[in-house]
Student: 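This is the structure, below, for whatever I ask next.
Both backbone and side-chain heavy atoms feed into the values below; hydrogens, waters and symmetry mates do not.
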Amino acid sequence: EVQLVESGGGLVQAGGSLTLSCGASGLSFDHYDIGWFRQAPGKEREAVSCIVTTVGLTYYADSVKGRFTISSDNAKSTVYLQMNSLKPEDTAVYYCAARPQDPHAMWPDPTEYDYWGRGTQVTVSS
């Protein structure tokens, strides 16, 4: 059974930092891309970042570029999202998701991802 488990969410003041973790099990980690998505109340799920675990290629949404950094530890089957300079508009539930590696797939498209975690809440106070 494939499982993705997020951790590291919490409450932080604007300008602060958090690091989210996504631990994967039940899949061949280096055959999958791992993405981070977020969903705020009343809003659609938004793609945040993605990493191609075999080569470390990364993608970011414009809204987080320069503030967030995605990385992976393939030996631990874990992907991290380092979030700096957090803003109140970053408040959301953050999900990690896995999709089979496909250079033709569009990384921000949530329908490309087969497996999802349950999410972790990030709240940024002003």
Student: Nearest 0.5 angstrom please: D30 CG to N74 CG, how far?
Tutor: 6.5 Å

Student: Do Y94 and Y80 sit in one hydrophobic cluster, given that two such residues count as connected whenever their side-chain heavy atoms are within less than 4.5 Å of each other, even indirectly?
Tutor: no

Student: Do any N or O atoms from the side chain of D109 and from the backbone of M106 form a donor-acceptor pair under 3.5 angstrom?
Tutor: no

Student: Work out which heavy atom in P100 is nearest to a heavy atom in D114; give both atom names and the distance.
Tutor: CD-OD2, 3.2 Å

Student: Report the C-alpha separation of T91 and V122 in whole Å, then their side-chain angles, then the decisive distance to 0.1 Å, and conclude whether the side chain to side chain contact (heavy atoms under 4.5 Å, CB included) test is met.
Tutor: CA-CA 5 Å; T91 295; V122 172; 5.9 Å; no

Student: Indicate yes or no for a side-chain donor-acceptor contact from Q3 to the backbone of A24 under 3.5 Å, with no hydrogens or angles considered.
Tutor: no

Student: Measuring from L27:CG to E1:CD, what's the distance to the nearest 0.5 Å?
Tutor: 11.5 Å

Student: Verify the cluster assignment for V48 and V12: are they in a single hydrophobic cluster under the rule of side-chain heavy atoms below 4.5 Å apart?
Tutor: yes

Student: Are the charged groups of R99 and D33 less than 4.0 angstrom apart, N to O?
Tutor: yes

Student: Donor-acceptor pair, distance only, cut-off 3.5 Å: does the side chain of Q39 make one with the backbone of E44?
Tutor: no

Student: Before giving the answer on side chain to side chain contact (heavy atoms under 4.5 Å, CB included), spell out for L4 and Y95 the whole-Å C-alpha distance, their side-chain angles and the decisive distance to 0.1 Å.
Tutor: CA-CA 9 Å; L4 300 175; Y95 302 88; over 6 Å; no

Student: Mind checking whether V93 and V124 sit in one hydrophobic cluster, side chains of I, L, V, M, F, W, Y counted as touching below 4.5 Å?
Tutor: no

Student: Test of understanding: clusters of I, L, V, M, F, W, Y form through side-chain heavy atoms closer than 4.5 Å, transitively. Do Y115 and I51 belong to the same one?
Tutor: yes

Student: State yes or no: do L81 and V79 share one hydrophobic cluster built from I, L, V, M, F, W and Y residues joined by side-chain heavy-atom distances below 4.5 Å, directly or via other members?
Tutor: yes

Student: Closer than 3.5 angstrom, by distance alone: can the side chain of T53 be matched with the main-chain N or O of F29 as a donor-acceptor pair?
Tutor: yes

Student: CD1/I34 to OG/S71 distance, rounded to the nearest 0.5 angstrom?
Tutor: 12.5 Å

Student: Is there a side chain to side chain contact (heavy atoms under 4.5 Å, CB included) between D90 and R38 once you walk through the steps?
Tutor: CA-CA 9 Å; D90 295 317; R38 65 186 182 186; 2.9 Å; yes

Student: Return each pair, listed once, that meets side chain to side chain donor-acceptor pair (under 3.5 Å) where at least one residue sits in residues 10-26; pairs must be two or more places apart or across chains.
Tutor: S17-N84, T19-Q82

Student: Nearest 0.5 angstrom please: F68 CZ to M83 CE, how far?
Tutor: 5.0 Å

Student: Would you be so kind as to tabulate the donor-acceptor pairs closer than 3.5 Å made by side chains of residues 55-64, with sequence neighbours excluded?
Tutor:
unit_1	atom_1	unit_2	atom_2	d
Y60	OH	I70	N	2.8
D62	OD1	K65	NZ	3.2
S63	OG	E46	OE2	3.4

Student: Please enumerate all residues that pass side-chain hydrogen bond (donor to acceptor under 3.5 Å, both in side chains) together with S28, with sequence neighbours excluded.
Tutor: none

Student: Let me confirm one number: the SG-CD distance from C96 to E6, rounded to the nearest 0.5 Å.
Tutor: 4.0 Å

